[in-house]
Amino acid sequence: SLASRDTIANMIEIHAGATPFDGGVFVSSCDKAVPAHLMGIGRVNMPAILVTGGVMDAGPDLLTLEQIGMYSAQCSRGEITPEQLTWYKQHACPSCGACSFMGTASTMQVMGEALGLMLPGTALMPATCEDLREAARQAGRQVMNLARQGIRPRDIITVDSFENALMVHAAISGSTNSLLHIPAIAHEFGIQFDAEMFDRLHRNAHYLLDIRPAGKWPAQYFYYAGGVPRIMEEIRSVLHLDAMTVTGKTLGENLDDLKRTGFFDKCDGYCAKVGITWQDVIHPYDKAIGTHGAIAILRGNLAPGGAVIKHTACPKEMFHAVLRARPFDSEEECLDAVLKHKVQKGDAVFIRYEGPKGSGMPEMFYTSEAISSDKELGKSIALITDGRFSGASTGPVIGHCSPEAVDGGPIALVEEGDLIEIDVKERKLNIIGIAGERKSMEEIDAILKERRQNWKPREPKYKKGVLRLFSLHAASPMKGAYLEY
């Protein structure tokens with residue numbers, strides 16, 4: 001659940017308040033821990049450096065964990081045997097470290113370095129490589145330098161730092177969950193940063209990285225290819241090179257130092273060992289995979305507060321589509337219908353009451369994989385939710401639909417057979433018809449108004465504990481779903 005992110009950040013605040021630390025080295029790798037550490041660093045504002053715990057090695061034939069969702073769906077449909085699925089499960093995680101694809105864990109490590117809160121070139125180091133041990137030592141030495149100089153995170157991080165991070169995010173086709181984490185981190189630094197800035201900066205941005213789930217290679221190859229510094233070198237012309245970092249130097253100075261000290265030559269050696277070149281993994285700027293970023297924010301009468309789609313992982317057939325609504329009030333109901341072929345071509349499948357307040361905003365991973373791995377459904381239906389997706393999710397999936405259903409957002413009012421229009425290019429997500437018949441926008445507004453009068457709020461899913469607190473105080477996912485008091 002998303003609530004674990006804020007719980008970890010709260011614990012950092014508690015420990016920092018209870019003990020007179022001079023500074024901190026924060027070691028994390030995964031989905032909630034990395035953004036939680038970055039939030040905590042901004043909140044307590046003591047000298048700090050983030051260090052990765054490493055990224056996992058790929059398994060046999062470059063098998064990686066995000067493929068298990070696809071194989072699980074194939075097994076449920078009888079396309080592979082349970083024994084084959086078990087073999088994949090047993091070999092997908094051959095080492096410790098974050099999952100070896102550009103999911104949320106890997107994306108947020110990259111964001112930590114792009115913000116300037118990690119030492120240059122340290123994001124996504126393989127957990128099994130010796131470089132990681134030396135990077136940790138360097139971080140310990142440097143955080144003491146920061147403490148002696150009195151340099152704190154809020155002295156380093158500015159709006160320019162976040163704009164740099166978003167340009168890198170576009171270049172790597174980063175996880176949509178960054179739209180939850182980056183605004184929440186900015187909030188802790190006292191900086192206003194919302195989903196609209198993602199959409200603005202992603203437009204016309206060059207997408208360069210050929211890493212799974214949208215690309216070909218496992219995440220450890222990102223480090224071999226030169227990692228964040230190589231990406232930044234390729235998009236150097238659009239970055240704020242005078243942004244400060246934890247080295248005490250600017251971003252531009254760091255990049256120049258890496259070239260002078262042989263960092264990229266060392267990475268070329270790693271690539272040679274696995275039979276690739278860095279250009280196989282990170283495309284040069286003038287040979288970009290795409291030139292429209294990776295993420296779009298959609299709005300309309302279905303999502304007046306916004307919704308997010310990772311269009312680099314979406315089939316082109318679904319960039320503009322009119323579909324029939326099939327609403328479900330939980331992921332379990334929806335997944336069962338997809339696997340039993342109760343969902344048909346041309347359907348817009350809704351999973352609602354799964355937003356921050358509704359259920360803590362869990363991932364809709366297995367449903368999205370069941371759809372995207374189906375040769376027919378993957379290019380002919382869409383999944384729309386007020387929940388979120390795994391950073392590994394691919395296919396025609398739209399998340400963070402706001403306002404969420406538990407607050408009576410339009411997603412709660414959708415009925416079977418409503419016509420839903422998706423237009424990625426124009427950034428639109430609208431209800432355009434009722435019971436299969438097109439209506440004017442005025443007629444749609446009147447019908448939604450009548451439905452809202454008949455809508456009744458659901459009983460809270462959680463009655464006590466931290467998830468109850470989260471359901472009461474979580475902000476909109478478009479703002480970062482942090483706790484508002």
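In this text, all values refer to a predicted model and were calculated from it rather than measured experimentally. For the single chain, residues carry numbers from 1 onward in sequence order.
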[X] and [Y]: which non-hydrogen atoms are nearest, and at how many Å?
{"X": "Leu132", "Y": "Pro126", "result": "CD2-O, 4.1 Å"}
{"X": "Ile371", "Y": "Val338", "result": "CG1-CG1, 4.0 Å"}
{"X": "Asp386", "Y": "Glu404", "result": "OD2-CB, 3.6 Å"}
{"X": "Ile295", "Y": "His311", "result": "N-NE2, 3.6 Å"}
{"X": "Ala16", "Y": "Val44", "result": "CB-CG1, 3.6 Å"}
{"X": "His91", "Y": "Pro94", "result": "O-CD, 4.0 Å"}

Backbone N or O of [Y] within a donor-acceptor pair of the [X] side chain at under 3.5 Å?
{"X": "Thr86", "Y": "Pro82", "value": "yes"}
{"X": "Glu113", "Y": "Ala123", "value": "yes"}
{"X": "Gln142", "Y": "Leu119", "value": "no"}
{"X": "Asp199", "Y": "Ile297", "value": "yes"}
{"X": "His400", "Y": "Pro477", "value": "no"}
{"X": "Ser106", "Y": "Phe101", "value": "yes"}
{"X": "Thr107", "Y": "Ser175", "value": "yes"}
{"X": "Ser372", "Y": "Ser368", "value": "yes"}
{"X": "Glu234", "Y": "Ile282", "value": "no"}
{"X": "His473", "Y": "Tyr485", "value": "no"}

Note, [X] side chain near [Y] side chain (heavy atom, < 4.5 Å):
{"X": "Asp194", "Y": "Met478", "answer": "no"}
{"X": "Ile351", "Y": "Leu383", "answer": "yes"}
{"X": "Met111", "Y": "His181", "answer": "no"}
{"X": "Ser28", "Y": "Leu50", "answer": "yes"}
{"X": "Glu354", "Y": "Pro362", "answer": "yes"}
{"X": "Ile172", "Y": "Leu208", "answer": "no"}
{"X": "Cys99", "Y": "Leu65", "answer": "yes"}
{"X": "His206", "Y": "Val238", "answer": "no"}

Take the angle between the ring planes of [X] and [Y] and call it parallel below 30°, perpendicular above 60°, tilted in between.
{"X": "Trp217", "Y": "Tyr221", "answer": "parallel"}
{"X": "His169", "Y": "Phe198", "answer": "perpendicular"}
{"X": "Tyr223", "Y": "Phe263", "answer": "perpendicular"}

Taking atom types as modelled, find out whether [X] and [Y] have a side-chain donor-acceptor pair closer than 3.5 angstrom.
{"X": "Asp280", "Y": "Tyr224", "value": "no"}
{"X": "Gln67", "Y": "Tyr71", "value": "no"}
{"X": "Ser173", "Y": "Thr312", "value": "yes"}
{"X": "Thr247", "Y": "Asn254", "value": "yes"}
{"X": "Thr367", "Y": "Glu331", "value": "yes"}

Are the charged groups of [X] and [Y] less than 4.0 angstrom apart, N to O?
{"X": "Asp268", "Y": "Arg230", "value": "yes"}
{"X": "Arg154", "Y": "Glu188", "value": "no"}
{"X": "Arg5", "Y": "Asp31", "value": "no"}
{"X": "Glu233", "Y": "Lys259", "value": "yes"}
{"X": "Arg137", "Y": "Glu134", "value": "yes"}
{"X": "Lys249", "Y": "Asp257", "value": "yes"}

Nearest 0.5 Å, please: how far is [atom2] in [Y] from [atom1] in [X]?
{"X": "Asn177", "Y": "Arg388", "atom1": "CG", "atom2": "CZ", "answer": "5.0 Å"}
{"X": "Phe470", "Y": "Ser359", "atom1": "CZ", "atom2": "OG", "answer": "10.0 Å"}
{"X": "Glu163", "Y": "Asp160", "atom1": "CD", "atom2": "CG", "answer": "6.0 Å"}
{"X": "Leu255", "Y": "Met232", "atom1": "CG", "atom2": "CE", "answer": "6.5 Å"}
{"X": "Gln220", "Y": "Tyr270", "atom1": "CD", "atom2": "OH", "answer": "12.0 Å"}
{"X": "Met125", "Y": "Phe222", "atom1": "CE", "atom2": "CZ", "answer": "12.0 Å"}

Practice prompt. Run the numbers on Thr250 and Asp242 for side chain to side chain donor-acceptor pair (under 3.5 Å), then give the verdict.
Written response: CA-CA 5 Å; Thr250 66; Asp242 57 349; over 6 Å; no
Discussion item. Determine whether Asp22 and Arg148 satisfy the following criterion, salt bridge (Lys or Arg N to Asp or Glu O under 4.0 Å), listing intermediate values before the conclusion.
Written reply: CA-CA 9 Å; Asp22 295 312; Arg148 292 187 193 100; over 6 Å; no
Can you confirm whether [X] is buried at [atom1], in the sense that more than 12 heavy atoms of other residues, nucleotides or ligands lie under 6.0 Å from that atom?
{"X": "Glu484", "atom1": "CD", "value": "yes"}
{"X": "Lys89", "atom1": "NZ", "value": "no"}
{"X": "His292", "atom1": "NE2", "value": "no"}
{"X": "Arg141", "atom1": "CZ", "value": "yes"}

Worksheet item: How far apart are the C-alpha atoms of Ser100 and Arg212, what are their side-chain angles, what is the distance that settles it, and do they pass the side chain to side chain donor-acceptor pair (under 3.5 Å) test?
Response: CA-CA 8 Å; Ser100 194; Arg212 299 170 185 173; over 6 Å; no
Practice prompt. Give the C-alpha distance, both sets of side-chain angles, the deciding distance and a yes or no for salt bridge (Lys or Arg N to Asp or Glu O under 4.0 Å) between Arg299 and Glu196.
Written response: CA-CA 11 Å; Arg299 292 187 185 273; Glu196 286 305 315; 2.5 Å; yes
Practice prompt. Begin from the C-alpha positions of Leu241 and Arg236 and carry the test side-chain contact (heavy atoms from CB on, under 4.5 Å) through to its verdict.
Written response: CA-CA 8 Å; Leu241 297 174; Arg236 189 169 181 140; 3.6 Å; yes
Practice prompt. Show your reasoning for whether side-chain contact (heavy atoms from CB on, under 4.5 Å) applies to Leu251 and Leu239.
Written response: CA-CA 9 Å; Leu251 171 59; Leu239 297 177; 4.1 Å; yes
Item to complete: Could you check Ile157 against Phe162 for side-chain contact (heavy atoms from CB on, under 4.5 Å), going step by step and ending with a plain yes or no?
Response: CA-CA 8 Å; Ile157 299 300; Phe162 281 96; 3.4 Å; yes
Worksheet item: Could you go step by step and tell me if Arg260 and Asp256 meet the salt bridge (Lys or Arg N to Asp or Glu O under 4.0 Å) rule?
Response: CA-CA 6 Å; Arg260 187 170 56 252; Asp256 291 341; over 6 Å; no
